[in-house]
2 protein chains.
Amino acid sequence: MTKRKAPDIVVGRLPLYLRMLNQLVAEGRSTTNSQELGDRLGISAAQIRKDLSYFGGFGKYGAGYDVMYLRDQLRRILHLEQTWPVVLVGAGDLGHALANYRGFTTSGFDIAAIFDNDATKVGATIGQHEVQDVARLEKVIQEQDVKIAILAVPAHAAQTVADRLVAAGVRGILCYAPVILKVPPEVKVQYIDPVARLQHMAYYVGNGGDAA
Amino acid sequence: MTKRKAPDIVVGRLPLYLRMLNQLVAEGRSTTNSQELGDRLGISAAQIRKDLSYFGGFGKYGAGYDVMYLRDQLRRILHLEQTWPVVLVGAGDLGHALANYRGFTTSGFDIAAIFDNDATKVGATIGQHEVQDVARLEKVIQEQDVKIAILAVPAHAAQTVADRLVAAGVRGILCYAPVILKVPPEVKVQYIDPVARLQHMAYYVGNGGDAA
DNA sequence: ACGTGTGAATTAGTTCACAGCT
DNA sequence: AGCTGTGAACTAATTCACACGT
């Protein structure tokens, strides 16, 4: 069981560990160790052991980790034994790319519905889904008990939509809009901001020095 | 001038500050202060002052910051006074969305060329650009002195393409593929992994507790 | 003998609190 | 009087190094 509350930064690395374990499974490997995982992820072996120790002891003394067992444990810790229904708000180019992306399904998430407020987009089919009017947002969230949303709307609309998502019961928002959302403390927001990442890189590229 | 080498985590926040200053300019504001910036970004005022102090003193004692001046200083620090040409590799759904995204242009970046290795995609027009055969990658990078690339190819191709980018002179890679790239230390890589972010959120949503 | 799991040591990052400048 | 800029204090994160179990 959980010993002490794991720091957020540790939780954030667990998906990387899970991804590597899935890869090792795909390669047919049955055991690994913290050294190998660290080498392949660019993380120190000590950090991997320490991170895992927040959630329990998953290794065999002297023998490393059983790949499938550790993979299953990480899935359990991250609550990925279930498939999470996710609503996608915004059916622009980004919404299209996200809706067609196959990686979500294989990782514990299923796009349950796509919404847009643009009448010319409503009714269109993207992947398996018909774009619905955003007016139906609350209804769908409640009917399907959706807890996680992906926000792919323009910046000016993001807060308004986020408020509605939260009011309807959503507890996690993956936000692609370049704004800081105001949400209550029980709601977790993650931001994806490629412009900020490019600007961060430009600092080092422009300095010509070592990429810290 | 730069005092001590700024930590990477500090550099990573500068784009957020810049974004907020751009917003304040758009709102017609001429001055601000660390308290206001912090409130709007969800960051402590002390942290903002400390972060800026790595690069110099930009405020007026007792009077906060001149919005435009600080904005310009951040642009200079991040090397955004120039427009960076960027190559985009991968013309799938994600490549489409990135190529059509307007936010890059207004933030210091310009997509100089789009590449794909799929003959059925080469020659297609996306936004302003014709998709080129990836065979021309090195030639274009060298001719246009491209230092930054966006990698939107499948995971299995990412390392190979990254190696070619680096060999051709690219010093910063924004990687959308779910792999850890092996690059020399002078190359900066930033990863965008929505699946990992969703899994990170699932931990908290599944725990039902406070979103750390 | 081996690699985990973990307190201890170290290093990094954040916040405090106030001197200093306008 | 007010808000910045910053050393000092504090907190968080990482790495060390070794006891431990198989």
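The chains referred to below are lettered A, B, ... by the order of the sequence lines, with proteins before strands, and numbering in each begins at 1. All values below were derived from every heavy atom in this structure, side-chain atoms included, with hydrogens, water molecules and symmetry-related copies excluded. Everything numeric in this text was worked out from a predicted model, so none of it was measured.
Atom CG of A:Asp66 is separated from atom C1' of C:dT4 by 15 Å (rounded to the nearest Å). Atom CD1 in B:Ile48 sits about 13 Å away from atom C1' in C:dT15, given to the nearest Å. Separating the OH atom of B:Tyr65 from the C1' atom of D:dC3 is a distance of 8 Å, rounded to the nearest angstrom. Nucleotide C:dG5 holds its P atom 9 Å from the CG atom of A:Leu70, rounded to whole Å. Per the geometry, CG belonging to B:Leu52 stands 13 Å off C1' belonging to D:dC3, to the nearest Å.
Side-chain contact check for A:Asp193 and A:Tyr176: no donor-acceptor pair (N or O, by modelled atom type) lies under 3.5 Å.
Side-chain N or O atoms of B:Gln159 include one that pairs as donor or acceptor with a backbone N or O of B:Lys182 at under 3.5 Å.
Under the salt bridge (charged side-chain N to carboxylate O under 4.0 Å, His left out) criterion, the residue pairs touching residues 26-37 of chain B are B:Glu27-B:Arg40, B:Arg29-B:Glu36, B:Glu36-B:Arg40, with sequence neighbours excluded.
The salt bridge (charged side-chain N to carboxylate O under 4.0 Å, His left out) test applied to A:Arg13 returns A:Asp51, not counting sequence neighbours. Listed by chain and residue number, nothing satisfies the salt bridge (charged side-chain N to carboxylate O under 4.0 Å, His left out) test with A:Glu81 (two or more places apart in sequence, or in another chain).
In this structure, the separation between CG on A:Leu41 and CD on A:Gln47 is 10.5 Å, given to the nearest 0.5 Å.
A salt bridge does not link A:Asp66 to A:Arg71: none of the charged side-chain nitrogens sits closer than 4.0 Å to a carboxylate oxygen. We find that B:Arg164 and B:Glu138 are joined by a salt bridge, their nearest charged nitrogen and carboxylate oxygen being less than 4.0 Å apart.
Taking 4.5 Å as the limit, every side-chain heavy atom of A:Val134 sits out of range of all side-chain heavy atoms of A:Asp116. You'll find the side chain of B:Ser30 stays beyond 4.5 Å of the side chain of B:Val67, heavy atoms only.
Across residues 20-42 of chain A, not one residue has a non-hydrogen atom less than 4.0 Å from an atom of DNA chain D.
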For nucleotides 14-17 of chain D, list the nitrogen or oxygen atoms of the protein found under 3.5 Å from its nitrogen or oxygen atoms, one pair per line.
{"unit_1": "D:dT14", "atom_1": "OP1", "unit_2": "A:Arg13", "atom_2": "NH1", "d": "3.1"}
{"unit_1": "D:dT14", "atom_1": "OP2", "unit_2": "A:Arg13", "atom_2": "NH1", "d": "3.4"}
{"unit_1": "D:dT14", "atom_1": "OP2", "unit_2": "A:Arg13", "atom_2": "NH2", "d": "2.8"}
{"unit_1": "D:dT14", "atom_1": "OP2", "unit_2": "A:Gln47", "atom_2": "NE2", "d": "3.1"}
{"unit_1": "D:dT14", "atom_1": "O5'", "unit_2": "A:Gln47", "atom_2": "NE2", "d": "3.0"}
{"unit_1": "D:dT15", "atom_1": "OP2", "unit_2": "A:Ser44", "atom_2": "OG", "d": "2.9"}
{"unit_1": "D:dA17", "atom_1": "N6", "unit_2": "A:Arg49", "atom_2": "NH2", "d": "3.2"}

Using nucleotides 20-22 of chain D, report all nitrogen or oxygen pairs with the protein that are shorter than 3.5 Å.
{"unit_1": "D:dG21", "atom_1": "N2", "unit_2": "A:Gly62", "atom_2": "N", "d": "3.3"}

Would you please test B:His96 and A:Asp93 for side-chain hydrogen bond (donor to acceptor under 3.5 Å, both in side chains) and show each step? CA-CA 7 Å; B:His96 264 79; A:Asp93 284 311; over 6 Å; no

